[in-house]
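Here's the structure, in structure tokens; my notes come after.
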Protein chains: 2
Amino acid sequence: MKHARGQQRKTRQRQVILEELRRVVSHPTANEVHHMVTRRLPRVSLGTVYRNLESMSRSGVILKLETAGTRRRYDGTPTPHYHARCTGCGCVADLRMEPLEDLERRAQGATGFSIMGHRLEYIGVCARCAGKKRTQREE
Amino acid sequence: MKHARGQQRKTRQRQVILEELRRVVSHPTANEVHHMVTRRLPRVSLGTVYRNLESMSRSGVILKLETAGTRRRYDGTPTPHYHARCTGCGCVADLRMEPLEDLERRAQGATGFSIMGHRLEYIGVCARCAGKKRTQREE
DNA sequence: ATAAGTGCAAAAAGTTTGCAAAACG
DNA sequence: CGTTTTGCAAACTTTTTGCACTTAT
């Protein structure tokens with residue numbers, strides 16, 4: 001093949017997107033990242049944010065969380081870990097917990113698939129929502 | 001309160017939607033359900049399919065699978081079970097495997113959440129895709 | 001210089017909703 | 001009959017894409 005793959009250039013936009021994403025513990029949506037980045041680069045377009053989040057998750061620099069619901073969230077920490085999603089506000093938190101290797105072994109034979117990985121997502125109520133009488137859903 | 005909650009009526013549409021969903025082992029998207037139902041009720045609208053899938057999943061008759069990706073899939077079997085998703089064609093299969101109760105216990109304390117449930121999704125390649133040289137993604 | 005990346009706006013894709021007509025109980 | 005549900009279409013939300021211009025290498 002001639003041009004195996006295009007080079008990845010280091011642009012201000014990509015850099016700021018990554019910095020902002022790493023700066024927070026939450027797992028923002030593309031739109032939220034766009035807002036965060038806008039404070040430093042007022043003219044970035046949402047399309048650019050999407051393109052960079054996509055390319056960075058492709059190269060493994062960040063994680064594209066495909067959790068429940070329609071909209072995607074992104075995680076600046078690419079090491080494997082689990083998430084907990086709040087039924088109240090829809091926020092997603094990291095779990096300080098070792099990935100469980102035995103899970104995949106336990107699933108072998110339960111289907112015709114060759115299992116290559118797994119995604120474990122806990123459902124619950126975050127501390128902030130637990131303190132409210134009535135939680136309002138943002139998602 | 002006056003009228004606590006409206007009654008749920010048994011319409012031909014809802015009935016056929018449920019029958020068609022239960023007839024298949026796959027986990028169709030709303031659009032796929034619409035196609036299936038159309039063969040028996042040519043005039044059902046996609047909106048009606050969405051509304052019924054939503055109300056039935058709300059009442060627990062079916063399951064709204066919020067697996068990875070943007071579009072949702074539905075499951076006619078409401079008993080808790082795990083799923084495996086194929087990276088090749090995007091299909092979702094049920095796992096013949098007991099839900100693991102210990103998982104939630106193992107997550108307690110790893111976050112500020114009060115855990116109420118979990119969703120475990122295996123990632124892999126289905127038998128059909130494993131047999132192909134190049135898998136084409138439908139998702 | 002040249003290919004990759006950007007901003008903008010329009011298009012896709014998926015889901016929800018307003019409304020008048022139809023159907024259920 | 002009074003409500004719920006439907007069909008239709010329009011609106012909405014999230015993500016992707018075409019294109020001319022800019023920028024990194």
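Just so we're clear, the structure is a prediction, and the values are computed from it rather than from any experiment. Values below: all heavy atoms of this structure, side chains included; hydrogens, waters and symmetry mates excluded. Order of the sequence lines fixes the chain letters, A, B, ..., with proteins taken first and strands second; residue numbering starts at 1 for each chain.
Using the six-membered ring where Trp is involved, A/His83 and A/His27 have ring planes that are perpendicular, over 60° apart on the 30 and 60° scheme.
Listed by chain and residue number, nothing satisfies the ring-ring contact (aromatic ring centres under 6.0 Å, His included) test with B/His34 (two or more places apart in sequence, or in another chain). For B/Glu104, the salt bridge (charged side-chain N to carboxylate O under 4.0 Å, His left out) test picks out no residue, with sequence neighbours left out. For B/His35, the ring-ring contact (aromatic ring centres under 6.0 Å, His included) test picks out no residue, with sequence neighbours left out. In this structure, the salt bridge (charged side-chain N to carboxylate O under 4.0 Å, His left out) partners of B/Arg40, at least two apart in sequence or on a different chain, are B/Glu19, B/Glu20.
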Output one line per pair: protein atom, nucleotide atom from nucleotides 23-25 of chain C, and distance, for all N/O pairs under 3.5 Å.
{"unit_1": "C/dC24", "atom_1": "O2", "unit_2": "B/Arg9", "atom_2": "NE", "d": "3.4"}
{"unit_1": "C/dC24", "atom_1": "O2", "unit_2": "B/Arg9", "atom_2": "NH1", "d": "2.6"}
{"unit_1": "C/dC24", "atom_1": "O2", "unit_2": "B/Arg9", "atom_2": "NH2", "d": "3.2"}
{"unit_1": "C/dG25", "atom_1": "OP1", "unit_2": "B/Lys10", "atom_2": "N", "d": "3.0"}

Using a cutoff of under 3.5 Å, can you pull out all pairs of nitrogen or oxygen atoms linking the protein to nucleotides 16-21 of chain D, with atom names and distances?
{"unit_1": "D/dG18", "atom_1": "O6", "unit_2": "A/Arg51", "atom_2": "NH1", "d": "3.3"}

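D/dT13 atom P lies 15 Å from atom CD of A/Glu32, rounded to whole Å. Between A/His34 atom NE2 and C/dA9 atom P there is a gap of 12 Å when expressed in whole angstrom units. Note: CG (A/Leu65) to P (D/dT15) measures 12 Å, nearest angstrom.
Between A/Val33 and A/Thr29 there is no side-chain heavy-atom pair separated by less than 4.5 Å. Side-chain contact between B/Gln13 and B/Val37 is absent, with no heavy-atom pair separated by less than 4.5 Å.
In this model, the phosphate group of C/dT6 is approached by a side-chain N or O of A/Asn52 to a distance below 4.0 Å at OP1 or OP2.
Scanning residues 14-23 of chain B for heavy-atom distances under 4.0 Å to DNA chain C yields an empty list.
The C1' atoms of five pairs define one axis at each end of the helix from C/dA1-D/dT25 to C/dG25-D/dC1, and these two axes lie 40° apart (to 10°).
Within the structure, the salt bridge (Lys or Arg N to Asp or Glu O under 4.0 Å) test picks out no pair touching residues 89-99 of chain B (sequence neighbours left out). Applying the ring pair (Phe, Tyr, Trp, His ring centres under 6.0 Å) test to pairs two or more places apart or on separate chains, none has a residue in residues 38-57 of chain B.
The two residues A/Gly76 and A/Arg22 make their nearest non-hydrogen contact at O-NE, 3.1 Å.
Hydrophobic cluster membership of B/Val24, counting Ile, Leu, Val, Met, Phe, Trp and Tyr whose side-chain heavy atoms lie under 4.5 Å apart directly or via other members: B/Met36. Annotation for B/Leu103: hydrophobic cluster partners, listed by chain and number, are A/Tyr82, A/Leu95, A/Met97, A/Leu100, A/Leu103, A/Phe113, A/Ile115, A/Leu120, A/Tyr122, B/Tyr82, B/Leu95, B/Met97, B/Leu100, B/Phe113, B/Ile115, B/Leu120, B/Tyr122 (ILVMFWY side-chain heavy atoms under 4.5 Å, direct or chained).
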Determine whether A/Arg73 and A/Ser26 satisfy the following criterion, side-chain hydrogen bond (donor to acceptor under 3.5 Å, both in side chains), listing intermediate values before the conclusion. CA-CA 9 Å; A/Arg73 292 176 174 277; A/Ser26 67; over 6 Å; no

